[in-house]
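In this text the structure is predicted, and so the values were computed from the model without any measurement. We name chains A, B, ... by the order of the sequence lines, and we start the count at 1 in each one.
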Amino acid sequence: MSEAYNPKTIEKKWQDIWAEEKAFSAPNDYTRPKFYALVEFPYPSGQGLHVGHPRPYTALDIVSRKRRMQGYNVLFPMGWDAFGLPTENYAIKNKIHPRIVTENNVHRFKTQLQSLGYSFDWDREVNTTDPGYYKWTQWIFLKLFKAGLAYKSEMPINWCTSCKVGLANEEVVNGVCERCGSPVVRRVKSQWMLKITAYADKLIDDLDTVDYITPVKVSQKNWIGRSYGAEVDFQLAGTEDKLTVFTTRPDTLFGATYMVVSPEHPYIDKYKDSINNYEEVLAYRDAAARKSDFERTELAKDKTGVEIKGLKAINPVNGNEIPIWVSDYVLMSYGTGAIMAVPAHDERDWEFAKKFGLPIVEVVAGGNVDEAAFTDVATGKLVNSGFLNGLDVADAKKAITEWLAEKGLGHSKKNFKLRDWVFSRQRYWGEPIPIIKCPKCGFVPVPEEELPLMLPEVENYMPTDNGESPLAHMRDWVETTCPCCGSKAERETDTMPQWAGSSWYFLRYLDPHNNDALASKEALNYWMPVDWYNGGMEHTTLHLLYSRFWHKFLYDQGVVPCPEPYQKRTSHGMILGENGEKMSKSRGNVINPDDIVSEFGADTLRTYEMFIGAFNLAASWSQDGVKGCRRFLDRVWGLSSMLVNGDAYTADMETKMHQTIKKVSSDFESMKYNTAIAALMSLLNDFYKKGSINKAEFKTFLTLLNPVAPHITEELWQEAGFEGRLYQATWPEYDEAKTIEKTVEVAVQVNGKIRGYIQIAPDADKDTAIAAGKEAVKDRLTGTIVKEVYVPGRLVNIVQK
RNA sequence: GCGGGUGUGGCGGAAUGGCAGACGCAUCAGACUCAAAAUCUGACGGGGGUGACUUCGUGAGGGUUCGAGUCCCUCCACCCGCACCA
């Protein structure tokens, strides 16, 4: 073969052949060992594919191709997470229906992904905007509703004062609207909520049963934020009411010298007649409400507050009457919205007490509470605390909690930072929430047999002036009758957030055309759980947590066979621009994958993105690096002109062949793609040095490289006249014994410094090695030998005085 | 402030506690060429030496060890999250 390597023709050729032969379809052959590899399906944006997409996709494509050659039935699917705001905004701006925008974008993305030669099973493609798909998204919502896990609640939302529309958090940048730059304020609206907090404990505890990379587990745990403590009741002096607080330090109760309530605490209104400075308190509350998130962050270090005069609380443990303050450092959304302040042992309380001259009483000895709050729970001993004196913190916690329970003044309690999931969007391009609002029956689910509740075709999908969903315009869609009592009723006009469709998509791949269930029992039992899921760290506390929640719910409902959806979760680093900054249009450092494919070929792009650096770390793009990978493939192409006969590895190559098979096999599994490719480059260099490669060696080399560069290897396989298709070949085996060199160079050190080398068998015994080593450095052995170290195959170290 | 991550040649990066810098890029030299490109071959951390060699060197400083990029302690810088969660 004398023609030069031309990826343009061979890549198209093999993509067509693979499609025609259905090379990568995952048959429902439930007798074979299965492997379910999953990558996050993309949001088909108008920008087209980003060079960031191929990094994770190629990585799991490599693993999938390898596993197929190892005999697994591999499911590696792809689909489209196509509902969402950018499409809707683009549609509004350009006056094109979002459905059309989505179709166009999906077409472009699919063409781009296909040009990269991924071994996706395209027969299982899913699209979240397809009614046949969102039928089941709505079905799951109804299950949640019927189980009491979907409810409506007044929630503050982000409201753009200029666009007059509710915004997602992601659309608010530094307190202003991302699109128009106008200030964003909080506005209370009735929203659908999902009770993810009901699964808070399971979402933490079951992390022990899955194989996720540590940063993901840590982030999820911190995000859920479970903490153990106690709720304690403080009597409001002169009333029948109690002010309840949550604390993780009930042991410090004797040191509680005042209390603080959040500005939104209901007692401010309830006791306004008893509050002497109500006007002042109200002014503080209004000021706090006006603060934007940005200001709250900025002012976090400087505590503000107002004493509520006329109300006092009684410390239950010593009967002291203590003042109550209001301050925005106490959040209504966590615990009870009120705290007991122990300035001696809490930094925030200490700061507040110092500023307002409140008493600081030390109850845990070990620090200097005049200087700083003492928060060390490991070493302190209780003082000034009556019956707790002398105990350490852990014992004191236990003792006081028991005491509180006995007296009916409190009880142990655990709390979470996790909040319920705001599930409503006042937008058009999302799944309609299948609920009917009946004046008599309340919220009534749309009957299951009426699903999917189709998103109506509308002329005008612009947001309304009053913040209602555009669907509210559609009176003939909105007005309906109650399925329960038959009276006039209205449909819910909110739609679901983008996270809905992506919370269960991995289930639909199993059986994407099933109209009777989200997937058949057989398919679920065979394929679940996902064996390996790779995705971005940015989804750790949103998509990944949401989908685990839905899956756990579906498990409790008997819909899915396993409590966790993903057995293993890994994550890739970002690809940055050549200047080391995040790629963006404004920075002018965006690389378009299409350009790389047309100039260098898909195999080069795949190889480069895998060679760029450690998979889990961010990496900067380098056009020279791309060229280097193309040069590597050119040299691979050149191997065919060195091809000689031979059905077994030649003697001088045998060790290296077995070593490379071993290294590439394990590196692919541990995501060390860069070193796997380096090993293949090194092997290639050896063939060049030698000037020949035999057929056995060529077969192995092509097979090892195939997962990374599938087109060129398949072409060379065919050109060399090897049997069948390379994608159907068997992954090569290595013989551990044959990975070991006959002799190796072993460094000889004297007192830890290298002074010579010996050639010796790697498994030589210690006496032989030490003797040879001493001989090699005999001129330097002038002192008394105190130690002789021998690491087979590595080094000899003679330690002398 | 808290949590997670990262610091190694000119650059991207390799190194189960055991020869630091594999592999690639850039650069330089040689071969080929009228020439250039491409390709092939070789050199390529700093200092010293004609040289075989020698010495220093993995963000900084300590420590453990025969031996530390790797383990421990104290710091520093940068990146990414979270942000008063009682």
Next item on the list: Using whole Å, report how far CG of A:N579 lies from C1' of B:G12.
Entry: 15 Å
Item checked: Closest-nucleotide 5' rank along RNA chain B - winner of A:S620 and A:Q749 -> A:S620
Note to self: Within the 4.0 Å heavy-atom criterion, would you say A:G628 contacts the bases, only the backbone, or no part of the nucleic acid?
What the structure shows: sugar-phosphate
Notebook entry, point to check: Do A:Y334 and A:S262 meet the criterion of a side-chain donor-acceptor pair at a distance under 3.5 Å?
Noted result: no
Notebook entry, point to check: Can you tell me the Watson-Crick or wobble partner of B:U33, both distances under 3.5 angstrom?
Noted result: none
Next item on the list: Kindly point out which of B:C84, B:C23, B:A26 is positioned nearest to the side chain of A:R631?
Entry: B:A26
Next item on the list: Using the P atom on both, measure B:A14 against B:G24 and round to a whole Å.
Entry: 15 Å
Next item on the list: Tell me whether the OP1 or OP2 atom of B:C25 has a side-chain N or O from A:R630 closer than 4.0 Å.
Entry: no
Next item on the list: Take atom C1' in B:G30 and the same atom in B:G57, then report the distance between them in whole Å.
Entry: 31 Å
Notebook entry, point to check: B:C40 phosphate, OP1 or OP2: any side-chain N/O from A:R635 under 4.0 angstrom?
Noted result: yes
Note to self: Can you check the distance between B:C56 and B:U50, where both ends of the measurement are the C1' atom (answer in whole Å)?
What the structure shows: 22 Å
Next item on the list: Any chance you could lay out the salt bridge (charged side-chain N to carboxylate O under 4.0 Å, His left out) test for A:K354 and A:E351, step after step, and finish with the verdict?
Entry: CA-CA 5 Å; A:K354 277 284 178 191; A:E351 207 183 305; over 6 Å; no
Notebook entry, point to check: Distance only, no hydrogens: is a donor on one side chain within 3.5 Å (strictly under) of an acceptor on the other, for A:T655 and A:K742?
Noted result: no
Notebook entry, point to check: Is there a donor and acceptor pair closer than 3.5 Å between the side chain of A:N797 and the base of B:C66?
Noted result: yes
Item checked: Distance in angstrom units between A:I798 CD1 and B:G67 P, rounded -> 15 Å
Next item on the list: Tell me which nucleotide among B:C84, B:G24, B:A15 gets nearest to the side chain of A:T675.
Entry: B:A15
Item checked: Donor-acceptor pair present, A:K627 side chain and B:C25 base, under 3.5 Å -> no
Next item on the list: Find the distance A:L617:CG to B:G12:P and express it as a whole number of Å.
Entry: 13 Å
Note to self: For A:Y757 and A:M537, find the nucleotide of RNA chain B closest to each by heavy atoms; which residue's nucleotide sits nearer the 5' end?
What the structure shows: A:M537
Next item on the list: For nucleotides B:A22 and B:U6, find the distance between their P atoms and express it as a whole number of Å.
Entry: 22 Å
Note to self: Using atom P in both nucleotides, what's the gap between B:G62 and B:C23 to the nearest angstrom?
What the structure shows: 34 Å
Next item on the list: For B:A68 versus B:U64, give the span between their C1' atoms, rounded off to a whole number of Å.
Entry: 10 Å
Check: Rounded to the nearest Å, what distance is computed from the CH2 atom of residue A:W350 to the C1' atom of nucleotide B:G1?
Finding: 15 Å
Next item on the list: Using a cut-off of strictly less than 4.0 Å, decide whether A:N674 has a side-chain nitrogen or oxygen near OP1 or OP2 of B:A14.
Entry: yes
Margin query: Just the rounded figure in Å: distance from P of B:C25 to CZ of A:F611.
Written below: 8 Å
Item checked: Nearest to side-chain heavy atoms of A:Y688, which nucleotide of B:A26, B:C23, B:U41 -> B:U41
Item checked: Sugar-phosphate, base or nothing in reach of A:R226, heavy atoms under 4.0 Å -> nothing
Next item on the list: Check every atom of B:G18, B:C23, B:C84 against the side chain of A:K303 and return the nucleotide holding the closest atom.
Entry: B:C84
Item checked: Syn-anti status, with the boundary at 90° from 0, for the nucleotide B:G42 -> anti
Notebook entry, point to check: Can you check whether A:W621 and A:Y608 have ring centres sitting under 6.0 Å from each other?
Noted result: yes
